[in-house]
Amino acid sequence: MSIEKNEEFRPKIVAFCCNWCSYAGADLAGSSRMTYSADVKIIRVPCSCRVNPMFILRAFERGADGVIMCGCHPGDCHYTSGNYYARRRMTLLFSMLDYIGVESGRTRVEWVSAAEGAKFSETMHEFVDKITSLGKNVRLEDLRCRNL
Amino acid sequence: MKTEQKRAEMIKEISGVNPLKCMKCGKCSASCPSYNEMDIKPHQFVSYVINEDIESLAESKSLWKCLSCFACVERCPRDVKPGKLIDAARQIVVRERGRNYLLADEIPELVDPDTPQQLLVSALRRYRR
Amino acid sequence: MQEFVEATSQAGDSSHLATARQRESQTRVINRAKELLADGTVARVLGWKAGDLPYNPEPAYFEKEEDFADFVYNGFCGANLSKYMIEASKLEGKTLVCLKPCDTYSFQELMKEHRVDRDKAYIIGVGCKGKLDIEKIKAMGIKGIKSISGAEIEDGAETLTIDTIYGEKTCSYADAMLERCHVCKGKDHVIFDETIGESKETNDGDRFTEVEKIEAMSPEEKFAFFQKELSKCIRCNACRNVCPACSCRKCVFDSNKFDSEQKANVDSFEEKMFHIIRAFHVAGRCTDCGECSRVCPQGIRLHLFNRKFIKDINELYGEYQAGADLEPRTPLTDYNVEDAEPGIVAERG
Amino acid sequence: MQRIGVFVCHCGTNIAATVDVKKVAEMALHEPGVVHAEDYAYMCSEAGQELIHKAIKEKHLTGLVVCSCSPRMHETTFRNAAEKAGLNPYMVEIANIREHCSWIHKDIEEATEKAVILMRAAIAKVNLDAPLKPGESHVTKRALVIGGGIAGIQTALDIAEAGYPVDIVEKTPSIGGRMSQLDKTFPTLDCSSCILTPKMGEVNAHPNINIYTYSEVESVSGFVGDFTVEIRRKARSVDMDKCTGCGVCQDKCPSKKTPSEFNRGLGTRSAIYTPFAQAVPNVPVIDRDACIKFKTGKCGICSKVCLAGAIDYDQTDEIVTEKYGAIVVATGFDMIKLDKYDEYAYSQSKDVITSLELERIMNAAGPTGGHLERLSDGKAPKEIVFIQCVGSRCADDRGKSYCSKVCCMYTAKHAMLIRDKYPDVNVTVFYIDVRTPGKNFDEFYRRAVEEYGVNYIKGQVGKVIPQPDGKLLVQGADLLDNKQILKEADMVVLAAAIEPNPDVRKIATMLTASIDTNNFLTEAHAKLRPVESPTAGIFLSGVCQGPKDIPETVSQAGAAAVKAIGLLAKDKLLTNPCTAQSDELLCNGCSQCANVCPYGAITYENKEVNDHGIREIRRLAVVNDALCQGCGACTVTCPSGAMDLQGFSNRQILAEVDAICR
């Protein structure tokens, strides 16, 4: 594609955001013009508990360099308890990824409320910096998809 | 970068303070025990740094009148902490002079171990003028 | 005692294994099974029948008295029969199933998930003194095996005597045991209608030692380790098919729900993906029965994935043994407001 | 294959200045399924919607992607537009290229690239979209108001007037809230209770209003239109039907040493008490921690003197379960604790007080009978200092980051009232800024200065030092004169920050209403939906949403009531069709999904299935669409992938992932 840049390393980052808190927090970051890297692309899910580990592995498989999941703060879930389940699932998944040698910095969970636009922007800054320093994800990439 | 700009940046870096957070409430000046001795008042320090007029700060009496009591640091509601700015300005002046009057090895014996470290350092800067 | 000996002679000496005296437990199971079949309590018996080699008995149904000629129960009967009860539960009448102590955990976990019907099962808890791994025996250079004695359940002997075409060889029973038996969950059956035979304490290791060793590696070493281990995978699905927790009617890797249908492996990540997902799907439900590692034709130590999850669950959410009870919630379908944050993974280093 | 139309909005220059909208539209045509793409200045305008309508009709579109602002803003607009043109509204996806792109990126090339990727993800999702039909749920025509202050009172009255039954749950023994503690109100100086008590009476008498005082919300379940709420009615120890409110029990009660909550601890009350004389209901409660009968078993005087026989020591807490269609939160505020502000000597001197305490001192029914006096020695003060912004506008964790909004005005009020009643008292106000946006507000403040001679000093106070002679030495700064000021005062009044009632977090959790880091409830949209919580059926009234004064609270209370009435007026609600669905052929019947469902929406049935020729009875998960709220917890728990979420299906999210990582 023509708008593909091939200069310095630009990480691909997928952010899963729950509709009620984090997506709204990202909206607030936008309406407050709090910039963060364009490398972050947000996927809206109803709740952090909708995020299947398969989605995260798939993102890595397809060449994502980092995956971050954002949800309502524990205790503030719109669906009462969704983020509690998500918290356990992600903790175990991240631990497993770490166990097979995927750098733990490539995965992150952050709780961002609808009022925390600044936190959203800061978190994305930090995460992009972290992924940039880790460099390209080669450990989990699917070879077939590289040259699509 | 101009010298004054550089010095202002240096003050922000050393102090870790963002002077733009100041809301000009004056609680620092209200708390300062050396207020009457000072030509530039604690709450004015912020604007000198913002306006990059570090020369005036360096020349001021206030720089050496600050007791480093940290009342302003303690009470500042905006996390601006003019005491830290003053201390940073002092440090810049000392650095520019480039002289030490006391050897580092001599210091521990002279000091009460309960003294807060930051107080000690800023007091040293102040009294070795 | 007298009648058991008689019963043994009735059953005939059809197995490859040695003397009648040593087959006391097997005989008792057979007799009891026949009794229950005869009085109509059960419609069939799920046990192991002798295979074509002295060390590969296989799960089988026994419905008629004459079928029992092939019935065996010895140190090579590692197969966990609880998963077969999913299908057996759909059959008419009760099925008598022989479960070793560790198998009962799987059965209870399946009960919790409504996959097996307790009312359709008559459980005979059979004794176990540790199950044998033929690969370990072969690894000792013992080839051309004709018959093996000492693998019987009641045998007090610590030694296996192996008659090979090159002559008689011996090896220590413990050395030939499956890895899982060295970290055995215990001698007790958690669910049964009756028990036959004694079990032996075989636990002489810590099941998390290997996991800890890997955890201590650098990311590069970890990656290299799993790359090496998993590059052996041929995606035969044996691990999935044998696993009592992997009992989905249709596996996600066979359905189009995640676009993961019939995916061929291109590089080692494909296996990682498969094995991570498989381990994740059984996390909190895996009883650590060790069948996955036992059946892997490539000798991949698949239990290393499951045990990692078990270890994390124990450390983060409190000690948990799947199948130990019938509480409906598993660690992944439960939570505590004070749970650790996912950031703990990075903090632990 | 879908026939997708892509519409790229310029949003004036909001998007177009940073994103090359033409290029985005052009790139859309290369995507699978896209048969139409165009850009327009304002897609949400009538003209923009007309373009969509036309394209749907002319190009026979089966799906839409609108690249515009956040779906939280205009998703409904575009869904409605699609529906008008005969397209299923759930065949519309929004690519958020404003909040998530143009507004946060500066480089045009970079922003355009990202916009294209976001658009691709939306196209990938639409390709897998299926038409959905919302179900219907009924509406219980009854409202619950949590909190009986002026916000709750006004909301309840407005809803009741519209003809719907309302219940008020109030934690304390009487409704009235903070306003009942105030003496006068700014800027008109009318007496607070003179305007509040008639409203309290009205609530009490209203046939549509039922008040639960001394009660708390215990649990909330259900969803918009059909909430089930358990209310704990704490044991009052007084029979509400028998009590005549004569007050004899309170007079005769021998235990009179308990600090009065109503008087902010400045006075005392009896163990059996009504918080204040005009309490509604005028039925006392027994404070069991203070009551001698409850502590020692002896006494029972109140029971003996009660001619109505209303005292009931054996009463127990009672749980009332009620159904509601709408819930209004009106939990109000309290003042922050001042324990982190040692420099103002609040805990060291009785003569350093908060403004709410001053309200009680100035009030004729207060602890001093309305006489302005020092609490330490009862002497009349000559010199009073007011300190503004105590704990407001703080960047550190000692106070609150926000402006409490009401302090500037009530301080002007206090200063004016003191100068009016006691002309010989000097009043000094140390301020950082004086904020008076409001009708007649600045005029009011100027009057305090010009007509009443209140001395306003721009500068904060650094320290208040209690002197041995009982005076208070105030050390402050006058920033305009560049002087440090040392002033001896007899009394210091602190304008402490206000904060949401601490209980609100618990209530928000029960209601699954979102709440911000300051414990203020979050509104559905800061500008356009200021009285609604993002959680459907929950409305916000008063300070629980943000600092505000009485007129603002009353307006918001009315607005919240109107929103609640709008909901109650409906007979049926359309339910979110993005619910979970179980694939019968894949379901194991393992019950794991039911374990995680927060709504109990999943049940199990034995059903006959035909699985590729095999007919058998299986235990299968069944989702109740009316109960399912679409969180998706079950979908991840399901190992076989049988459970999937409509509108956010596994394959759709994976398609988005693929599009982004492409």
Side-chain angles (χ1 to χ4, degrees), chain B residues 12 15-51 53 56-57 59-63 65-86 116 118, chain D residues 336 338 340-346 385-404 407-408 428-435 456-465 473-487 489 492 494-497:
Chain B
K12 286 185 222 168
S15 62
V17 163
N18 174 7
L20 292 176
K21 289 186 85 175
C22 175
M23 65 170 172
K24 301 179 171 51
C25 71
K27 199 166 179 181
C28 44
S29 282
S31 302
C32 184
S34 303
Y35 184 90
N36 292 331
E37 317 288 321
M38 291 190 174
D39 44 0
I40 297 175
K41 307 300 186 190
H43 70 272
Q44 294 172 305
F45 265 76
V46 172
S47 57
Y48 278 85
V49 177
I50 291 173
N51 298 327
D53 182 5
S56 303
L57 280 185
E59 302 279 303
S60 72
K61 280 196 282 178
S62 304
L63 207 58
K65 291 295 175 193
C66 165
L67 297 170
S68 301
C69 73
F70 294 131
C72 52
V73 172
E74 183 65 28
R75 292 183 196 151
C76 175
R78 302 292 308 168
D79 242 359
V80 177
K81 309 183 173 179
K84 288 193 169 182
L85 286 177
I86 296 172
Q118 198 184 0
Chain D
I336 62 162
L338 292 171
K340 287 180 181 154
Y341 286 92
D342 285 344
E343 64 260 40
Y344 296 133
Y346 177 72
V385 166
F386 285 84
I387 305 175
Q388 300 300 92
C389 298
V390 177
S392 295
R393 307 167 69 191
C394 270
D396 56 22
D397 58 1
R398 296 204 297 168
K400 303 290 176 183
S401 58
Y402 51 86
C403 166
S404 296
C407 329
C408 285
T428 308
V429 179
F430 283 91
Y431 70 95
I432 305 172
D433 301 289
V434 177
R435 296 180 166 177
Y456 271 78
I457 296 175
K458 158 81 184 163
Q460 189 54 293
V461 169
K463 201 168 168 56
V464 175
I465 310 141
L473 188 62
V474 178
Q475 184 185 332
D478 184 335
L479 299 183
L480 299 180
D481 279 358
N482 224 3
K483 276 194 306 208
Q484 199 175 55
I485 293 174
L486 277 175
K487 195 172 192 68
V492 170
L494 307 176

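Naming convention: chains lettered A, B, ... in sequence-line order (proteins, then strands); numbering from 1 in each chain. From a predicted model like this one, the values you see are computed outputs, not experimental measurements.
Nearest heavy atoms, B:Cys76 versus D:Asp396: O-OD2, 3.5 Å. Nearest heavy-atom pair, D:Gly462 versus B:Ala30, reported as atom, atom and distance to 0.1 Å: N-CB, 3.2 Å. Between D:Cys407 and D:Ser404, the shortest heavy-atom contact is SG-CB, 3.5 Å. Here the closest heavy-atom approach between residue B:Ile40 and residue B:Phe45 is recorded as O-CE1, 3.6 Å.
In this structure, chain B has a heavy atom under 4.5 Å from the side chain of D:Tyr341, while its backbone stays farther away. Heavy atoms closer than 4.5 Å to chain D are found in both the backbone and the side chain of B:Lys27.
The greatest number of non-hydrogen atom pairs below 4.5 Å with chain D, out of B:Gly26, B:Ser29, B:Ser31, B:Cys25, is found for B:Cys25.
The contact list for residues 477-486 of chain D toward chain B, using heavy atoms and a distance under 4.5 Å, reads D:Ala477, D:Leu479, D:Asn482, D:Lys483, D:Gln484 by residue number.
Of the inter-residue distances, the one linking B:Gln44 atom CD with B:Ser60 atom OG reads 10.5 Å to the nearest 0.5 angstrom.
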**Request:** Go through the steps for D:Val461 and D:Tyr344 under the test side-chain contact (heavy atoms from CB on, under 4.5 Å), then give the verdict.
**Result:** CA-CA 8 Å; D:Val461 169; D:Tyr344 296 133; 4.0 Å; yes
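For B:Arg78 (side chain) and B:Met23 (main-chain N/O), no donor-acceptor pair under 3.5 Å exists by modelled atom type.
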